[in-house]
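These notes concern the structure reproduced below.
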Amino acid sequence: MVKSKIKLQTKKLNVWYGNMHVVKDFTLKIPEKKITAVIGPSGCGKSTFLRSLNRMVELVPGARVSGEILLDGENIYDKDVDETEIRLRIGMVFQKPNPFPKSMYENVAYGLKVRGITEEKKLRLLVEESLKKVGLWEEVRDRLNRSALELSGGQQQRLCIARALAVKPEVILMDEPCSSLDPIATAKIEDLLFELKKDYTIVIVTHNLQQAARVSDYTAFMYAGKLIEHGRTEEIFERPKDKITQDYITGRFG
Amino acid sequence: MVKSKIKLQTKKLNVWYGNMHVVKDFTLKIPEKKITAVIGPSGCGKSTFLRSLNRMVELVPGARVSGEILLDGENIYDKDVDETEIRLRIGMVFQKPNPFPKSMYENVAYGLKVRGITEEKKLRLLVEESLKKVGLWEEVRDRLNRSALELSGGQQQRLCIARALAVKPEVILMDEPCSSLDPIATAKIEDLLFELKKDYTIVIVTHNLQQAARVSDYTAFMYAGKLIEHGRTEEIFERPKDKITQDYITGRFG
Amino acid sequence: MVKAKTCERLGFWAARVAILISLSITGYMLFYIISKGASIISWDFLTKPPTSGMTAGGIFPAIVGTLLLVTLAIVISLPLGLASAIYLVEYSSKESRFVRLVELAVYSLNGVPSIVFGLFGMAFFVKFLGFGTSLLSASLTLSLMILPTIVATSVEALKSVPDHFREASLALGATKGQTIVRVVLPAAFPGIITGAMLGVGRAAGETAPILFTGAVFYMRGLPTSIFDPVMALPFHLFVLATEHPNISKVEPIQYGTALVLLILVLLISLIAAVIRYRYRRKRKW
Amino acid sequence: MKLGTRKKLSEQLEDLKSKTMEMGALASTAVEKAVESLVKRNVRLAKKVIKEDDKIDDLEFEIENNCMHVIALQQPVAKDLRTIGTCLKIITDLERVGDRAVDIANITIEMAGRAPVKPLVDIPRMAELAVGMLRDSMRAFKEGNSSLAFELGKRDDEVDRLAHQVTRELFSYLVEDPKKISDAVRLMLVASFLERIADHATNIGERVIYMEKGEMVRIN
Amino acid sequence: MKLGTRKKLSEQLEDLKSKTMEMGALASTAVEKAVESLVKRNVRLAKKVIKEDDKIDDLEFEIENNCMHVIALQQPVAKDLRTIGTCLKIITDLERVGDRAVDIANITIEMAGRAPVKPLVDIPRMAELAVGMLRDSMRAFKEGNSSLAFELGKRDDEVDRLAHQVTRELFSYLVEDPKKISDAVRLMLVASFLERIADHATNIGERVIYMEKGEMVRIN
Amino acid sequence: MKEKIRLKLSGKILTFPPASVSILAVFFIFIFVFSQGLPLFSKISPFNFFFNSTWRPTATPPSFGIVPLFLGSLLVTSLALLISVPLGLLGAIYIAEIANPKIKEQIKLTVEVLSGIPSVVYGFFGLRVLVPLVQKTFGLPTGETALTGGIVLSIMILPTILSLSEEAISSVPVEYKEASLAIGATKWRTIRSVTIPAAASGITAAIILGLGRAFGETIAVMMVTGGAPIIPTSIFSPVRTMTQTIAAEMGEAVFGSTHYNALFALGIVLFTVNLILNLLAIRLIKKKKW
Ligand SMILES: Nc1ncnc2c1ncn2[C@@H]1O[C@H](COP(=O)(O)OP(=O)(O)OP(=O)(O)O)[C@@H](O)[C@H]1O
Ligand SMILES: Nc1ncnc2c1ncn2[C@@H]1O[C@H](COP(=O)(O)OP(=O)(O)OP(=O)(O)O)[C@@H](O)[C@H]1O
Ligand SMILES: [Mg+2]
Ligand SMILES: [Mg+2]
Ligand SMILES: O=P([O-])([O-])[O-]
């Protein structure tokens, strides 16, 4: 069904919180330079699934993961894989815009500094590049040293995306990145997604079915921890095969 | 344009916060037993407008109101009108479900007790009636004395609606009542709205254009404090007259 | 990257060692006092007055004195503090000059060293108002000292009641007074109680403020009126440990007194902490 | 669905479907009556058919509008959307069926007062078949019955066969008796109309299958 | 719009419109060529027209599918939705125009090798008018030009007038020379087809006005 | 209706006077402490008071120079901070960021309970345990030194610094930490570069409040520092702090005498210094940016 190159792939992924089995035998292929949306009712495990893709789920005390996640064919959960390395390759953007309470410049430079880049000139250049990519450069070039918290919600979210882009990740995970934004800021982020997918593989979790329909190339429908249906977004929204999917997307659910 | 009886009507309503002119010359008729949706970009003054309808806006220090709001022809801002009396007639439901940290029973009974009703039997009866109206009775009848905070978000919101209904208001104002709910809970609330409009006049503020389209009979589009366009929801969504309205609802805004 | 990992390991160990040291010092202190004092405590020790120039007998008057001081102090400061907090949070606008003045005053009061409270108590209650060195002067001094704690915690407790509760109540046609009494105060209750307990704990343990205002080293019998001076546990311990002519003879009594004081204060403090924790966990808004 | 009385999506879809069924019934009846008027040379009935076509047109307009309402206001997806798409397409077919009924009725009027070309046997038979298909296609739509829809393909072949036969037969009359030319031409047209009505019924059947399965299938 | 390459709503709408324009161009050309084949009695050209109608049918299918995609995925409202609704309707008209071109081409083939009934004068004239209307209706669609669309009503009247004239004329031939009956009948059909093509152009014009103004207006 | 309006107003009227009590209290403290302290300067010059290096109130002629007392307070307080700040900060990091949730809750509870231990108990512990220990370890003639005072105070303010810093660190929104981790920073790097800077104002406030507590503490220091009013020469000197001086000498000072005034003047100094520290801390805490 998926024809482009597979960038990221989960194989029989399972996640438990303590005794609670939250993600169940999840096998999904995520194609390169496409947008894959994960939809499903609240609490079905979308965020958990997403966080398992860059090993952020390990930060939850009591979380346990089994199965494989292959990034370009390599299992990121292998013993000798460094999770910080993985997180440089798989960036993440969160539900609420969360810039650090530092200057805009520092925010974007942060990941680069973590990576050991200290040369001022190089940093400037890379920061500018990232900010341009998210279309924020023109808006903030004159006040890069002002606090990032002065920006509006939508701008903050774009800054956070720029911050994630700065370290040149290959994959970007987004957990409901627009749910705290107004429709206009949301539209801007969606436009940005179209630009970004030229260079990045994107996985987005959203509650907003319309958003999934608008922006994604592929859609995965998740229910009670299981992958119910996965396919081209058109297929899912026009011809879902599964009864549950049909009920969910037509709002006849629950 | 509006043919049913007019329940609530604003005439040249203006609201200021300090020097900030937030609602400007707002003249709107709200027909009885219909759902009127107020839509518009963030910060355009929707919440302020809504809160001026039951004089909640007066609680904001520095808020100033001019113009008239007629409830059944009587100006609620008249000097000798008691605002607590108005708030009994015009109920309100908030963005985030906000049950009191009391038992479910106490929550619904609260408004009645405030009104001076103390007779246990009568209270029970009225509480049951309200809970039945919002379809919560079957779900909670066995645990009325448990804390309302034990309920799920959607149930809490329905409890809040029941609480507002208990005092038998004529109008119900809702400020983004579903924005913190998942799609399933949202669908239940929307179903409830269809039931409620048999008996109540409803004004709902929402960011979700689809929701406005789905549930409302009339839609008012607000922009920068002004009423730009108002009409049957079908008209607004199929044949908006104003360019700004068109741009806003088709997402070409900003 | 390897360096980053090493840094992390070192940092974590430093933190672990720090907390271990911190806890073990205090832990040792508690262990020390408990082990030394436990053998002293008996029914007689708790219920008998001291005898033979303090070298024998119990500490009953000091216990009673402390309880009296604390009770009186809280009875004065809780209503005052709570009412202030209600005024600040519910009845005034944040910009009002008066509110800022009150806040400033509360903060200032909180920073005043206890010995300065002692000085003030002596100058104002003892001398100026003529209450003399008495239970009343000492309690008033203590109540002022714990007032900021009570105001601050009550303000916090009231503020932590989300506005949407108030809005919900007002939107249902309740008046402001009904809203405060029926919704806000019940929701803030645990926080207020914690504040009160904290105040009680502080009042019970302080020595400096009562030094010149009401505490005496020895008195015959219990105070009969609020104008009598009182014995108090902390003061008792202080004097026994530093000024008693026969220090080695009263050593066991010192340990005993220290232990009783410790238990009293820790108990109060523990109750406060437990209430707070339970409440924090239970709170869902 | 009257304006100003908002309903839930499922109710609106039901409304749409029942309106479409109503339109289907009107169109079928119109064809029946038109053919009856032709057979019985009943001008009044023919005029009635022509007048009643307005109802069908109005209904098409109304249903189309409602479809747009529902799309604009409810954002239907998946089967809901396919149902609406199907209604949109079915109503154009039905409207065209209605137009053919009018065409037939007009022919009745044109031929009024003249001796019949020949006894009408095959045409009523075709009409019966075509209307039967139409009715069944609408039943398939109502019930979401795709196997019923699927059978329409075969039945359409039968109608096509009959149409050919009628045309051939009439051509022979044409050559025999030039005076009857114009009426013979008219009857040929009627046959072609009926054939097209059967085509429309087949189209409707295809749409029903699409609605149910999400795939376009050619059934003839 | 290929599957799997998601675009923004505005781009998708542009795609839809240009596909529809393409279909319009194909249909217009088909009619022109069909009439040319008839006039020049060019069977090869007629066969080409018939073959190329598949393209039109495919395009209709594709555009309709894309419309459904856009509705399902983008929740269009207001003018965006009206544009899609208009595309959906225009393509049925265009498809029918294509079918009429095929009908004309078929007649060319049927009449091949026989002497012409009469020199074809009015039919090419009608064809020119009808195709002109079709082209203009599509231009009005492209440009959102409702006044251009509005004029189509008058032009349709002219085509109707010509069609009547042609029919009357042919009837006289029919009576004169019974041998030419069948071809005369065929030419009458051609005239009625052209008339209907003009009707379709008028329909498209009405749709354009609806798209622009949000109201259905009858323009003839 | 009128009754309702009265009801509405009554709440405000009822709560206004209590709200004024705090203001009055500060005002009175100010008036009374100053009114008893300021007369000193009609008897001796402020220069003398602030810069004279001997404190001999009972000698003839008496000398009221607070330099040794101030230095004593300063030394003891500095020592206390030197020990408790690193321990407290690292400990706070442990509790807030490293400890697993179960242990975390328990440690927090413990620390909060410990912060309620009365100062006299710390003093008592210092006197009984630390004084002999210091004496033995460093081979001093007496264990009652500035160092001992510093240690006792550091133990005493440790819970304050720990719990306030921990609160500051914990209140840094988890989103910041997640953002940093998600970008590939290690946990420690995140603590260093994101959490601590974000909590900086809160941590500073914690330290200042600890400082204030140490500076204003009376009984605990009194029991362990030896109480010699001389300028300390090393951390092993016995010292006498300002607070301690007031507590020790007030009993002997004659009401209204120069000595009495001088002790109140010490009170003024304490009052002022602590007020400044406290207001500073409050400003820092209020400066939260999120
Ligand atoms: N830290 C945790 N410890 C234990 N259970 C958890 C934890 N986080 C989430 N869960 C549970 O795991 C399940 C899946 O949670 P998750 O956050 O992945 O759902 P989700 O699909 O993202 O929901 P939402 O749409 O509401 O964000 C839920 O039932 C939730 O209660
Ligand atoms: N208490 C207040 N004091 C001063 N200005 C305020 C206050 N509340 C809101 N405003 C301002 O008034 C304007 C209108 O606010 P309002 O909350 O009514 O907008 P809104 O349309 O409800 O926005 P949203 O969709 O984001 O809820 C905004 O610019 C806002 O910043
Ligand atoms: Mg989630
Ligand atoms: Mg709002
Ligand atoms: O309307 P038609 O020409 O396709 O029958």
Side-chain angles (χ1 to χ4, degrees), chain C residues 4-5 7-8 11-12 14-16 18-19 21-22 25-26 29 32-33 80 83-84 86-88 91 101-102 105-116 119-120 123-124 144 147 151 175-177 180 201 205 207-208 211-212 234 237-238 241-242 258 261-262 265-266 269-270 273 277, chain F residues 4 7-8 11-12 14-16 18-19 21-23 25-26 28-29 32-33 36 86-87 90-91 93-95 98 107 109-110 112-114 116-121 124-125 127 129 155 158 162 186-189 212 216 218-219 223 243 246-247 250 264 267 270-271 274-275 277-279 282:
Chain C
K5 283 267 158 193
C7 272
E8 179 166 84
F12 279 21
R16 278 189 198 107
I19 196 73
I21 293 176
S22 306
I25 294 176
T26 332
M29 184 177 93
Y32 177 80
I33 289 171
L80 276 181
S84 305
I86 291 177
Y87 181 84
L88 288 179
Y91 281 109
L101 209 61
V102 173
V106 169
Y107 291 144
S108 309
L109 217 48
N110 197 30
V112 174
S114 51
I115 187 75
V116 176
L119 284 180
F120 168 70
F124 186 63
L144 277 191
L147 186 61
V151 175
T175 62
K176 186 135 199 172
I180 293 172
T207 320
L211 216 48
F212 330 122
L237 173 59
F238 171 68
T242 57
L261 177 59
L262 204 56
V265 172
L266 286 185
S269 178
L270 186 71
Y277 269 82
Chain F
K4 256 197 174 160
L7 263 172
K8 269 177 221 165
K12 188 161 187 161
L14 269 172
T15 53
F16 180 79
V21 165
S22 300
I23 301 180
V26 175
F28 278 157
I29 290 175
F32 276 84
V33 175
Q36 307 294 312
L87 277 182
L90 278 168
I93 290 174
Y94 177 80
I95 302 174
I98 302 172
I107 296 183
L109 193 83
T110 312
E112 268 173 53
V113 171
L114 289 182
I117 297 177
S119 49
V120 67
V121 173
F124 178 65
F125 174 71
L127 183 66
V129 178
I155 304 173
L158 197 53
L162 256 179
T186 59
K187 256 182 141 177
W188 184 248
R189 173 87 197 209
T218 312
I219 297 301
M223 293 168 83
T243 49
I246 301 174
M250 187 50 91
F264 270 90
L270 278 171
F271 180 76
N274 268 53
L275 201 62
L277 287 177
N278 212 54
L279 295 182
I282 294 310

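Chain letters run A, B, ... following the sequence lines, proteins first, then strands; residues in each count from 1. Computed from a predicted model, the values in this text were never measured in an experiment.
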**Prompt:** Side chain, backbone, both or neither: which part of F:L127 has a heavy atom under 4.5 Å from chain C?
**Reply:** side chain
**Prompt:** Taking every heavy-atom pair that is under 4.5 Å apart, which of F:G216, F:P86, F:P18 has the most such pairs with chain C?
**Reply:** F:P18
**Asked** Between F:G91 and C:A18, which heavy-atom pair has the shortest distance, and what is it?
**Response** N-CB, 3.8 Å
**Request:** Hey, could you give me the CG/CG distance between C:L270 and F:L114, rounded to the nearest 0.5 Å?
**Result:** 10.5 Å
**Request:** Using non-hydrogen atoms and a 4.5 Å limit, figure out which bit of F:L162 sits close to chain C: side chain, backbone, both or neither.
**Result:** side chain
**Segment of F:E112 engaging chain C (4.5 angstrom heavy-atom cut-off)** = both
**Request:** Supply the atom-to-atom distance C:F124 CZ to F:F28 CZ, rounded to the nearest 0.5 angstrom.
**Result:** 5.0 Å
**Item:** Region of F:T243 that comes under 4.5 Å of a non-hydrogen atom in chain C
**Value:** both
**Asked** How close do F:K187 and C:E8 get, heavy atom to heavy atom, and via which atoms?
**Response** N-OE2, 2.7 Å
**Asked** So F:I246 and C:F212, side chain to side chain contact (heavy atoms under 4.5 Å, CB included) or not? Walk me through it.
**Response** CA-CA 10 Å; F:I246 301 174; C:F212 330 122; 4.2 Å; yes
**Closest approach of C:Y91 to F:K12 (non-hydrogen atoms, all atoms of both residues)** = O-NZ, 3.1 Å
**Complete:** Per-residue tally against chain C (heavy atom, under 4.5 Å) across F:G267, F:P118, F:G212 peaks at F:P118
**Message:** Ignoring hydrogens, what is the shortest heavy-atom contact between C:I115 and F:A247? Give both atom names and the distance.
**Reply:** CD1-CB, 3.8 Å
**Item:** Distance (rounded to the nearest 0.5 Å) between F:S119 OG and C:F238 CZ
**Value:** 10.0 Å
**Message:** Only pairs of heavy atoms separated by less than 4.5 Å count here; which of F:L277, F:V120, F:L275 has the most with chain C?
**Reply:** F:V120
**Item:** Per-residue contact mode, F:L158 against chain C (heavy atom under 4.5 angstrom)
**Value:** side chain
**Request:** Determine whether F:N278 and C:N110 make a side-chain contact, defined as any pair of heavy atoms from C-beta on separated by less than 4.5 Å.
**Result:** yes
**Message:** Below 4.5 Å, heavy-atom pairs only: which of F:I93, F:I29, F:I107 has the largest tally toward chain C?
**Reply:** F:I29
**Item:** Distance-minimising heavy-atom pair for C:A208 and F:I219
**Value:** N-CG1, 4.0 Å
**Prompt:** Out of F:V21, F:V33, F:I98, which one racks up the most heavy-atom pairs below 4.5 Å with chain C?
**Reply:** F:I98
**Fill in**
Most contact-rich option vs chain F, by heavy-atom pairs under 4.5 angstrom, among C:G201, C:A241, C:S114, is C:A241
**Request:** May I have the step-by-step check of side chain to side chain contact (heavy atoms under 4.5 Å, CB included) for F:M250 and C:L119, ending in yes or no?
**Result:** CA-CA 9 Å; F:M250 187 50 91; C:L119 284 180; 3.1 Å; yes
**Request:** Before giving the answer on side chain to side chain contact (heavy atoms under 4.5 Å, CB included), spell out for F:V121 and C:L261 the whole-Å C-alpha distance, their side-chain angles and the decisive distance to 0.1 Å.
**Result:** CA-CA 8 Å; F:V121 173; C:L261 177 59; 4.0 Å; yes
**Structural part of F:L87 lying under 4.5 Å from a heavy atom of chain C** = both
**Asked** Hey, which of C:V265, C:T26, C:I33 is the one that makes side-chain contact (heavy atoms from CB on, under 4.5 Å) with F:I117?
**Response** C:T26
**Request:** Using side-chain hydrogen bond (donor to acceptor under 3.5 Å, both in side chains) as the criterion, list what pairs up with C:S269, not counting sequence neighbours.
**Result:** none
**Prompt:** Under a 4.5 Å heavy-atom cut-off, does chain C meet the side chain of F:F124, its backbone, both or neither?
**Reply:** side chain
**Asked** For F:I155, is it the side chain, the backbone, both, or neither that has a heavy atom closer than 4.5 Å to a heavy atom of chain C?
**Response** side chain
**Fill in**
When every non-hydrogen atom of C:M29 is compared with those of F:F125, the smallest separation belongs to CG-CG, 3.2 Å
**Request:** Identify which of C:L88, C:V151, C:I86, C:L101 forms the greatest number of heavy-atom pairs closer than 4.5 Å to chain F.
**Result:** C:L101
